[in-house]
Each structure stands twice: as C-alpha cells, then as structure tokens.
Undergrad: 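Sharing a structure with you now.
Bear in mind that the values here come from a model prediction, so they are computed numbers and not experimental data. Along the sequence shown, the residues carry numbers beginning at 1.
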Amino acid sequence: MGDLERAIGRNTLLIPAISVSLGIWLEMRFNLQWLSGVALLILAISAYQLLLKVSKDPVSTFRYRNYHYIWLGIAFCGIGILSSTFRTPKYIDISASDSNYVVRGIVKNVQEKTNGDAMLVEVTEIRGISDAKGMVLKVNITGDGGKIGIGDFVDIKGAIKSIEDNPNSFYGGYKAMMNNKGIYYVCNISASDIRIIGHRNTLAYYSDSIRNRIEEFVENTSLSKPTQNFLITLLLGDRLYLDPQLRTTFSEAGVSHVLALSGMHVGIIGGIFLFLLFPINFYGKYKVRLILTALLLWLYAFISGLAPSTIRACIMISFVTIAIISERKRYAINALSGSVLIILLYSPQTLYDVGFQLSVVCVGALILFTDSLNRFPRGGNRYIYKFAEVMVGTIVATSASWILTCYYFHSFPLSFLPANLIMLPVLPIYLAVAILYLVLSAIGIPVRLLKILLDKGYDAINEVINVIGSNSAIEIWVGNDAVIFWLIGLTLLALYLNLHKWKPMLIGGVSLLTLAIICIVMNNDTVKPGSFIVTDNYNSFTVNIKNSNSEESVDMSRYSNTEIKIGDHKVLALDSKMPLASEITPCNYLIIGGSFKGDIRKAAEACAPTAVIIHPSVRRKRESEYIETLKQHGFTVHSLRLDKPLHVLADAVNGSECSVIGRYTRVSHYGCDKGDKRCNDNR
C-alpha cells in the first residue's frame, strides 16, 4: 500500500485524469444530465467536510489521509459529467428524417474526395427545429463543392438522416464511431444545394490556410509525385494525399502509425529542433533552447491540424520542459495524465477517438514496461542498450495496443516486429533530410542530392515494407469483454513490475490476459470467408465477397446475362433478353435486372434458385408484378429496394472450402446483342 501511495503522491494528476474519463464515459453511456455532475460535486464536498471534521488531530489526519482520494475522484467524475454535458455536440431528435430542412451553420472541416466534398458543419439554426444550435452535421456534396472552406457560414437545403452502418458491407461500427464523436446525422446534397453567406476566421481556418500553402509548396518542388504525397502525409498529417495501396501495405506490415501524426512524429521533430538550436547552449542558455523547442512544437501541432495524439505529446513535452526549468523531478505518468485531463476537459468526445486511445495506451505501456523489461544495463554498451530498447519498446507498444487495433480494424499484422525495426531508425533520418531539403528549397537552394535521397528512399521504403508486410495480416474480431480483460490485465502487470512484487497481482494479470485470448478464440461473430452480399446499388450489379481478411467487390455486367461462382454458390444476373432454356444452368441466387426481357416464371423454374432477387433498376410497378407471380409459384423473393441488401453467410464448412474467394470466374455471358453498345462483354 505504501508503494501505491507514493506512486499516486508523485503522480498527482493520475486520479483526476481517470475520474474525468470515467465521468465522460458514464454521461455518454447512460445519457446523464448535468444535475448528475452537480450531485457528485455536492457529494464530494460533503465527503471532504466530513474528513475535515473527523481529522481533528495529527494522528487521525494521518489515519484518514488516503480517504481524500475518494472525494477527489468523485469530484472529478462530476466534472467529467459536466464537461461532457456542456461540450459534447447535441443530439436532436429528428423524427421526420425524410423531410428537407434549411440548415445554417459554420464549416468546421472539409475533406476533398473523388466524387465530391465531405464537410462537418456546426449548426447554428435549422428552420423548423427549435434548439438545434450546437449540433454537428456531416454533409456529403455530390459534384464540385466550389471554394467552401473552414470558417465559412453556409446555408444547406436537404434531407437530414441518421448516420447508419453501410448495409452493403460486413464491417460495421461506422455509426458507433461517428456517434461517439458527437456526429449523429448526415445530409447528402448536390453542389447547388449549398450557399456561402459569410465567413469567420477561426483558429482552424488559419491552421488550414497555412497547411494548404505548405502543401502547395511541397507540390511545386522537383520531388516525384509519390514522394511529395508521402512527405505531406508524414509531416502534415493530411491523409487525403496518401495512396490507398500504400496505406494498405503499411497497415498489413504493422507500421500504419508512421502515416498518422503521433507522439513519435512530435518526438522526431522535437529532436531535429533541439539539434538546430544547439548553438544556444554555447551561451549557457539551455533553458531558452528547451522553451523555444516546446514553442516550435506547438506551432507544428497547430499547422498540422491539432490532432489529439499530437496535442497529447505537446502537452507532455510542455510539462517536462516546465519541470526542467523549475528544476523539479519529472514523472512521465504525471505528464501523460495531465495531457489526458486537459484534452478531455476541452473536448470530451476525444475519449472515443481511436488515435487518442492508441496514443495513450502505447505511451503508458512504454513508460511502465520498457525499462523494467530491458535487461541490458543502461551503463553498459550504449548501442546494445538502445537496440534492446527499440526492440522492447516495439513489442511493448504492439502488445498493449493490438487489442484496440483488432477491436476497431479487425486486423493484426504478423510482421510488425521486423517492419518496425526497419522503420524506427530510418524514419528520423528520412524526416531530417526532408526538412533540410524543404528549408533549402524555400530559400532558393534546392539540393539535387537531397532530392535523389528522398525519391530513392521512398521507393526503397515502399519496396521493403511491401515485401515484409504483403498478405501478413490476419483477421481478428475482438469484443468489449476481451478489451476490458486485456487492459486490466496489463494494468495489474504494470503494478506488479513498478510498485510491488506481489504474486497474486502477477497471477491476476496473467489470468486476465489469458481470459482475453480465450474470449477472442471463442468469439463466434466472425464472418466466415465465402460469405457475400448482393448489394442494393442502383447503377450496378455488385456482389461484395468476404475474403480471409478483407472484402472484394465484384461488378457483374449490366445489360447482359452474367453468371459468377463464389465458392459453392452460383449467382446468375439476368439483365437482357431471356436466354434459351437449354442455356440456363441451375443457380443458387437469381438476380433480375431492369433490362430483363422475358417470362420471370420460366426463368425462375429453369434456374431453381434458393431466392430470386429483384434489382432496384426494375421499375416499381413491374417489381410488384414479379413479386406476386413468383410468390404464387412458391419462389422465395428478395427485393433489394424493399428488403435492403441480401446477406448470405457461409457456415464453417463452406467457409473453410472457399480458399479462392476473390479469384472468381465468369462462367458465361449470353443473350447479349452484339449491336447494342450497352452490352459489356468482359470475356
């Protein structure tokens, strides 16, 4: 108990950070009101007054000293509830979700996409709905959104609908992720449905403007286009420039954290700043050097968009800088707790941000486990010690965070260790060369040698990571119970290693980690390979097929009759002239398109399918006739317009036999009029 008391005494912000997190979670989980937070604050004050009353002498004061942590935790839990209540975007009950509304608000974020723009709009008014101020709306714009930017006041006209998971995908969780960020509704509009009525220069606007200018500068350098996009992603965190194939490659190799701004990037940039400012030490002003480095890092965080993980790292560095300047002891856990506390009080919904969670868990694990598990003496060979520190740190960070990665992304990279051992020493050198090249280019001295190093370096990194990580990721589905067991188990092991070598604590930690693995193994929610979805896309006949650890979309030809094979299943799409009965082979699922010409009953009898699927391209009147005819003759009918996408789940046997899912075969195309330009014969 003494070790724990000393640890808490050294890390005074630990209990407030945990309590605020708990209060935010309680408010979001159970939709508590601000009165609950006030009630907890009153309870905390009452508990404090009671302790003061019973602690009348030094002996009783010492005896009841640890009870002060109770009222402190209750108070900050109430503060967390109040913060979440007043700072989380509002949820507005919009019952008539199909009605068109006129929305006025300010643009908080803009993302350019291939088919249009996506924006987050903080609502100031919705005509016809009272008290909508403070709601955050996701707006998807079809077509060119014009020059809409952060800080613009806009009027939007369109239907507001609740955000839902994509029914055409096996992977859900999008709705929960957006709701946890305080975004409950989406509005899909065309470019003509939005109008700019004003502008306000916010901090986000200035940050975005500076970032755009830097991105334009990078794009105007003589670097190759892939290298430019890679540098913009690494230095500025703008993942819109990231090649999707590169993202997949890095993810499969277990080094996707390299592509997302995190504490690692801040640490590398901070090291470069410290090196550049080293001459200040010759004047005995090392504290000035530290202060300037911290300020430059905050400027870097501002320019790169103030991501939660970047803010966390900057706050921690600020705490350490203050401790050095004031010549006080530095406690890393206290700095981490302080950064968590500040971020959550300002933005409570950040608690559910995936990047924030991964950042906190990884940094906490590195602080608590790396030194204890690195058995090489610090005073020995420094190179061996550093190499061991990198290896242990990589294993520790991955061991702590893999459970969250699998929970959110359902994937675990088997090649994470060799990939990280290559990237961790290479990345600081690459970033240092990149910054040097960009600075010299900005003053008109572009060094060709540095350009060659950056271009060749990018090609080498891409090639090596592709070789190491290609198809090395496995699919793992993790539930809430496994995440809780794993994180509590790690906490018990951290307490065992850092506070008190109490064997029951070690046994409890190992037991919970084992229980988490058992829960994952016994999880039956995994979608088996061989499962597929007949999507409700209006303009195409699309089937999404579940592979071992991904989805693949297969587009069947429109205006023709196409058959594909998925494992043991045959799917036939008729969207042209009725073929001869002798040409039709039995199938499991028959899709009828809007251009089908023939007798629906004869087609169904010739195919003998498990279900006949009516595509949305079939007109409503004809669709009703099809459904009535097929049901009269005993066929199972599924309307993609009325019944939504059709999910076909493979059982364990079929799933194990579908090893070639994705390498599908078009068996035949028939009934296609060669004179019809719409006919798409892909034989």
Side-chain angles (χ1 to χ4, degrees), residues 3-21 69 76 257 261-271 273-274 286-287 290-291 293-294 297-298 301 307-345 350 355-379 385-386 388-401 404 424 428 487 490-500:
D3 293 332
L4 179 61
E5 184 179 350
R6 283 191 293 274
I8 296 177
R10 290 195 298 263
N11 300 282
T12 52
L13 296 176
L14 181 60
I15 287 181
I18 294 175
S19 300
V20 165
S21 302
Y69 295 127
F76 275 94
H257 56 87
L261 284 184
S262 63
M264 178 181 66
H265 293 74
V266 174
I268 293 172
I269 300 298
F273 287 156
L274 282 173
Y286 74 95
K287 293 183 178 179
L290 294 176
I291 294 174
T293 299
L297 286 176
W298 274 109
S309 55
T310 309
I311 296 175
R312 190 269 311 154
C314 288
I315 294 176
M316 288 188 67
I317 290 172
S318 299
F319 276 121
V320 172
T321 302
I322 292 172
I324 294 175
I325 293 173
S326 59
E327 298 181 355
R328 296 176 63 89
K329 288 186 177 181
R330 304 182 296 276
Y331 298 107
I333 287 295
N334 206 39
L336 177 62
S337 302
S339 63
V340 170
L341 184 64
I342 293 172
I343 291 172
L344 293 183
L345 286 177
T350 305
F356 174 77
Q357 293 179 7
L358 289 172
S359 176
V360 172
V361 169
C362 286
V363 173
L366 290 172
I367 294 171
L368 296 172
F369 287 99
T370 303
D371 286 341
S372 300
L373 297 179
N374 188 356
R375 309 314 299 172
F376 290 90
R378 185 183 292 268
Y385 175 80
K386 287 293 184 183
E389 189 176 41
V390 170
M391 287 198 63
V392 172
T394 301
I395 296 173
V396 164
T398 305
S399 300
S401 62
L404 291 175
L424 290 180
L487 294 181
L490 285 178
T491 302
L492 291 178
L493 291 181
L495 293 174
Y496 173 81
L497 290 173
N498 293 276
L499 293 182
H500 187 64

Undergrad: Determine whether Val266 and Met316 satisfy the following criterion, side-chain contact (heavy atoms from CB on, under 4.5 Å), listing intermediate values before the conclusion.
TA: CA-CA 11 Å; Val266 174; Met316 288 188 67; over 6 Å; no
Undergrad: At their closest point, which heavy atom of Ala400 faces which heavy atom of Leu487, and how far apart are they?
TA: O-CD2, 4.3 Å
Undergrad: Measure the spacing between OG1 of Thr350 and CD1 of Ile343 and express it to the nearest 0.5 Å.
TA: 7.0 Å
Undergrad: Donor-acceptor pair, distance only, cut-off 3.5 Å: does the side chain of Asn374 make one with the backbone of Thr370?
TA: no
Undergrad: Drop me the distance from Ile291's CD1 to Ile325's CD1, to the nearest 0.5 angstrom.
TA: 3.5 Å
Undergrad: Provide the full list of side chain to side chain donor-acceptor pair (under 3.5 Å) pairs with a residue in residues 11-20, sequence neighbours left out, each pair given once.
TA: none
Undergrad: For Phe376, I'd like to know if atom CZ has over 12 heavy atoms of other residues, nucleotides or ligands within 6.0 Å.
TA: no
Undergrad: Mind listing the closest non-hydrogen atom pair of Pro308 and Phe356 along with its distance?
TA: CB-CB, 4.0 Å
Undergrad: Return the minimal non-hydrogen interatomic distance between Ala294 and Thr321, and the atom names on each side.
TA: CB-OG1, 4.0 Å
Undergrad: For Ile15 and Phe76, what are the C-alpha separation, side-chain angles and deciding distance, and is it a side-chain contact (heavy atoms from CB on, under 4.5 Å)?
TA: CA-CA 8 Å; Ile15 287 181; Phe76 275 94; over 6 Å; no
Undergrad: Once you round to the nearest 0.5 Å, how far does CH2 of Trp298 lie from CD1 of Ile317?
TA: 9.5 Å
Undergrad: Roughly how far, to the nearest 0.5 Å, is the CG atom of Leu274 from the CD1 atom of Ile269?
TA: 11.5 Å
Undergrad: Could you go through the side-chain contact (heavy atoms from CB on, under 4.5 Å) check for Phe319 and Leu13 one step at a time?
TA: CA-CA 12 Å; Phe319 276 121; Leu13 296 176; 4.3 Å; yes
Undergrad: Sequence neighbours excluded, which residues qualify as side-chain hydrogen bond (donor to acceptor under 3.5 Å, both in side chains) partners of Thr398?
TA: none
Undergrad: Testing the basics here: between Ser359 and Arg312, what is the closest heavy-atom pair and its distance to 0.1 Å?
TA: OG-NH2, 2.6 Å
Undergrad: Of all the heavy-atom pairs spanning Ile367 and Ala332, show the shortest one and how long it is.
TA: CD1-CB, 3.5 Å
Undergrad: First locate atom CG of Leu290, then atom CD1 of Ile322, and finally report the distance between them rounded to the nearest 0.5 Å.
TA: 12.0 Å
Undergrad: Just how far is it from atom OG of Ser372 to atom CG of Leu493, taken to the nearest 0.5 Å?
TA: 11.0 Å
Undergrad: My understanding is that only residues two or more places apart in sequence, or in another chain, count here; which of them pass side-chain hydrogen bond (donor to acceptor under 3.5 Å, both in side chains) with Ser339?
TA: none
Undergrad: Begin from the C-alpha positions of Val396 and Leu368 and carry the test side-chain contact (heavy atoms from CB on, under 4.5 Å) through to its verdict.
TA: CA-CA 10 Å; Val396 164; Leu368 296 172; over 6 Å; no
Undergrad: Count the heavy atoms of every other residue, nucleotide or ligand shown that sit under 6.0 Å from NZ of Lys287, and state whether that count exceeds 12.
TA: yes
Undergrad: Quick check: closest heavy atoms across Ile324 and Tyr286, and the distance to 0.1 Å?
TA: CG2-CE1, 4.4 Å
Undergrad: Is there a side-chain contact between Leu344 and Ser21, using heavy atoms and a 4.5 Å cut-off?
TA: yes
Undergrad: Is there a donor-acceptor pair closer than 3.5 Å between any side-chain N or O of Ser401 and the backbone N or O of Val361?
TA: no
Undergrad: Just so I know, are the side chains of Leu358 and His257 near enough to count as touching, which here means a heavy-atom distance under 4.5 Å?
TA: no
